[in-house]
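Everything on this sheet refers to the single structure shown next.
Computed from a predicted structure; not experimentally measured.
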Amino acid sequence: MADTLTPQEEVNGLMINADLSQGPFYIDGMDTTPKLFRLRCQTLGSRTAHREKTFGIWRSHSWNDYFTRAKHLGLGLVSLGLKRGEVVSILSEDNKEWMYTDLGVQCVGGICSGVYTTDSASQLEYLVNNSDSRFLFVENDEQLDKLLQVRDSMPGLIKVIVLDPEGLHGFTDSQVIFLDDLYALGAEYDAANPKAFDESIDATQPEDTAILVYTSGTTGKPKGAMISHGNLIYSVASTRRSASTFDTDDQLCFLPLCHILERVFSVNVPIATACTVNFAESPETVFDNLQEVSPQTFVAVPRLWEKIYSQVAIRVGDATPLQKWAYAQALKAGSARADCLAEGKPLPFGENLAYRFWDFAVLRNLRRMIGLDRLRRGASGAAPISPDLLKWYHSVGVPVLEGYGMTESSGVISLNNLENNKIGTVGAALPGAQLRISKEGEIQYKAGNVFQGYWNNPEKTAETFTEDGWLRTGDVGTLDNEGFLKITGRLKDIIITAGGKNITPAEIENRLKFSPYISDVVVIGDKRKFLTCLVMIDQENVEKFAQDRRVPFSNYASLCAAPEVQHLIRETIDEVNKDFARVEQIKDFRLIDVLLTADDDELTPTMKLKRSFVETKHGELISQMY
């Protein structure tokens, strides 16, 4: 038996390695995702694996459905010529078919690679060719159009599979088939080769590459990070020790599944823990879907946590004087409780009584309003988050815990947990993992989830590791005496002023983003006499600010140019400046007066500003400030 090869122990209902410092790694005796997937489907059968909305109604899909669809999809690809170790790309928003493709490809020994739906036709061409993809799944006619523009430049592509045929009735192309046709091919292959799927699953090994995840491309062309089955099993097993998930939990999947954070927490964790995944209808409906699902566990990027807070702040601003007073009292009582919990102290009787009253009168309704009334554990990752924002969430009874990871660490490096949380840090290293800080201040990492390297790029792979084999994260940070990691910035983002002062801009930027009126900010000042910044305003909240004060504007640019809006941002910056030394204070700012989306070069698909692109593209604004 596989689970006798290394000592195992039960952790929250799962059998995992007792010692996670060395492999091979197991979950319930399984050392690859396909093997664990098969076990779960056989055990859970007709239980709900995931839900998706169809015509406005949540529809449930069982583990049996999951397995059958993945099997027929995977075998359909095999019948069309897919070989073990070859890559299949998928260009789609999150949906159940995304997961069927991911697991179907992995189960037959292939490698699944995601493409962001915001990518252009030329970016799609690069990713398909760079990954040597043999097959491409596209969601609909819109995404198919991108492929048709550039497919003559993709000589290695065998077939294109369309998930949604809507709008393509009567369309014929020898290279293009629809998903139902692929399912039919797979069913035929399965009938003729009834042992093929199980044999393919049995053949998967921990050292096999399971998925390709392309980096954001902030410093050049995107690179395909090769992540093995063993990497993914370790990430889930070690996370399980720090953050429990149960088979009764609901999750909401809304970040792109191309992103390693969502991939691990919405595909791999649910397979391990048997929880239920609910697919958001779209990024635009995530707040409505959050209220409908009310998940017990929820992982998001800082931008979403900031947006929820902003909505509450704006509503409080519109409240009556009595309601504002009640909210302030409730927040005060919640903050006192959160402080005691953080320090491990019992809440005094009077303060406990006050919290219980205000929780019943105000905070419970607030949590229900934002769809987090059942939340047991929220997590923030993929970018730094303001400690002030985390304190607010803890004060209203929503435990949001910051973690840290990167694509090259299969999503996770360190986590705070409910029992041991230090706001302002990203937690302690995963069980079995090691962290160290180099002489230059760089965070370096070694564990079972460190990736295999970049696809067809040994030079960049070599640059990512130290001579003694540690992963170079590129982030700057410190470790305290309890092993908690604090990130102070990116190594390449350190600002050295003309006076020789070293400044990491992340803390200043996070403080500014705590404002409901600021969506994102980039601090400028390298080799300059003082600091300035470029600001991206929160359109919805600033528009409401302007309307409430009858500030005239006709479009986004005129809104940014309004003197009242400029004064609003100036006041926010001045308030934040008070908490920083003079050399770290922002002396001037400019608003980026173009409404940015994930389609723009300045933003990553997870809505983070790319510092290098912003500084280059908006150089004229920067020059004005100096």
Hydrogens and angles aside, do [X] and [Y] bring a side-chain donor and acceptor to less than 3.5 Å of each other?
X: T285; Y: D288; result: no
X: S438; Y: R472; result: no
X: Q143; Y: E139; result: no
X: E402; Y: S380; result: no
X: N231; Y: N449; result: no

Where the side chain of [X] meets the backbone of [Y], is there a donor-acceptor pair that is under 3.5 Å apart?
X: E615; Y: I524; value: no
X: Q291; Y: M369; value: yes
X: N129; Y: E125; value: yes
X: S282; Y: E284; value: yes
X: W455; Y: N130; value: yes
X: R263; Y: C258; value: no
X: T464; Y: K460; value: yes
X: Q296; Y: R376; value: no
X: N278; Y: L252; value: no
X: S238; Y: S235; value: yes

Apply side chain to side chain contact (heavy atoms under 4.5 Å, CB included) to the pair V594 and Y556, showing each step before the final yes or no.
-> CA-CA 7 Å; V594 179; Y556 187 77; 5.7 Å; no
Carboxylate-amine/guanidinium contact [X] [Y], below 4.0 Å:
X: K391; Y: D339; result: no
X: D520; Y: R303; result: no
X: D119; Y: K146; result: no
X: R511; Y: D579; result: yes

Hey, mind stepping through F254 and F298 against ring pair (Phe, Tyr, Trp, His ring centres under 6.0 Å) and telling me if it holds?
-> CA-CA 10 Å; F254 80 98; F298 184 55; 5.6 Å; yes
Is there a side-chain contact between [X] and [Y], using heavy atoms and a 4.5 Å cut-off?
X: L257; Y: V267; result: yes
X: L124; Y: L147; result: yes
X: I385; Y: L390; result: yes
X: Q585; Y: V576; result: no
X: T297; Y: F265; result: no
X: D318; Y: I314; result: yes
X: K422; Y: D480; result: yes
X: C275; Y: Q251; result: yes

Please check if the distance between the ring centroids of [X] and [Y] is under 6.0 Å.
X: Y393; Y: W305; value: yes
X: F451; Y: Y454; value: yes
X: F530; Y: Y626; value: yes
X: Y309; Y: F514; value: yes

Any idea which heavy atoms bring [X] and [Y] closest together, and the distance?
X: E584; Y: L531; value: O-CD1, 3.5 Å
X: G424; Y: K486; value: O-CG, 3.5 Å
X: L363; Y: S395; value: CD1-O, 3.7 Å
X: Y517; Y: N541; value: CE2-O, 3.7 Å
X: D250; Y: P295; value: O-CB, 3.2 Å
X: A280; Y: N289; value: CA-OD1, 3.3 Å

Passes salt bridge (charged side-chain N to carboxylate O under 4.0 Å, His left out), D548 versus R550? Steps please.
-> CA-CA 6 Å; D548 289 347; R550 299 189 178 182; over 6 Å; no
Do other residues, nucleotides or ligands put more than 12 heavy atoms under 6.0 Å from the CZ atom of R436?
->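 Result for CZ/R436: enclosed.
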For Q547, does the CD atom sit with more than 12 other heavy atoms under 6.0 Å from it, leaving out its own atoms?
->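 For Q547, atom CD is crowded (more than 12 foreign heavy atoms under 6.0 Å).
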In Å, rounded to the nearest 0.5 Å, how long is the span from [atom1] of [X] to [atom2] of [Y]?
X: Q123; Y: T118; atom1: CD; atom2: OG1; value: 7.5 Å
X: C560; Y: M536; atom1: SG; atom2: CE; value: 10.5 Å
X: I260; Y: I211; atom1: CD1; atom2: CD1; value: 4.5 Å
X: K544; Y: Q539; atom1: NZ; atom2: CD; value: 15.0 Å
X: T616; Y: I622; atom1: OG1; atom2: CD1; value: 8.0 Å
X: M226; Y: L212; atom1: CE; atom2: CG; value: 7.5 Å

Determine, step by step, whether E442 and R490 satisfy the side chain to side chain contact (heavy atoms under 4.5 Å, CB included) criterion, reporting the C-alpha distance in whole Å, the side-chain angles of both residues, the deciding distance to 0.1 Å, and the verdict.
-> CA-CA 8 Å; E442 182 185 37; R490 290 287 290 169; over 6 Å; no
What residue among T478, L479, I437 forms side chain to side chain contact (heavy atoms under 4.5 Å, CB included) with I443?
->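 So, applying the side chain to side chain contact (heavy atoms under 4.5 Å, CB included) to I443 and each of T478, L479, I437, only I437 qualifies.
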I would like to know whether S294 and D373 meet side-chain hydrogen bond (donor to acceptor under 3.5 Å, both in side chains); could you show each step before the answer?
-> CA-CA 7 Å; S294 187; D373 50 308; 2.8 Å; yes
Could you give me the CA-CA distance, side-chain angles and deciding distance for S89 and L127, then say whether side chain to side chain contact (heavy atoms under 4.5 Å, CB included) is met?
-> CA-CA 9 Å; S89 290; L127 293 171; 6.0 Å; no
Does NZ or CZ of K221 fall inside the cone over Y126's six-membered ring, less than 6.0 Å from its centre and within 45° of the axis?
->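 Yes, K221 lies over the aromatic ring of Y126.
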Decide side chain to side chain contact (heavy atoms under 4.5 Å, CB included) for L591 and Q566; before the verdict, give the C-alpha distance in whole Å, the side-chain angles of both, and the deciding distance to 0.1 Å.
-> CA-CA 8 Å; L591 302 187; Q566 294 280 331; 3.6 Å; yes
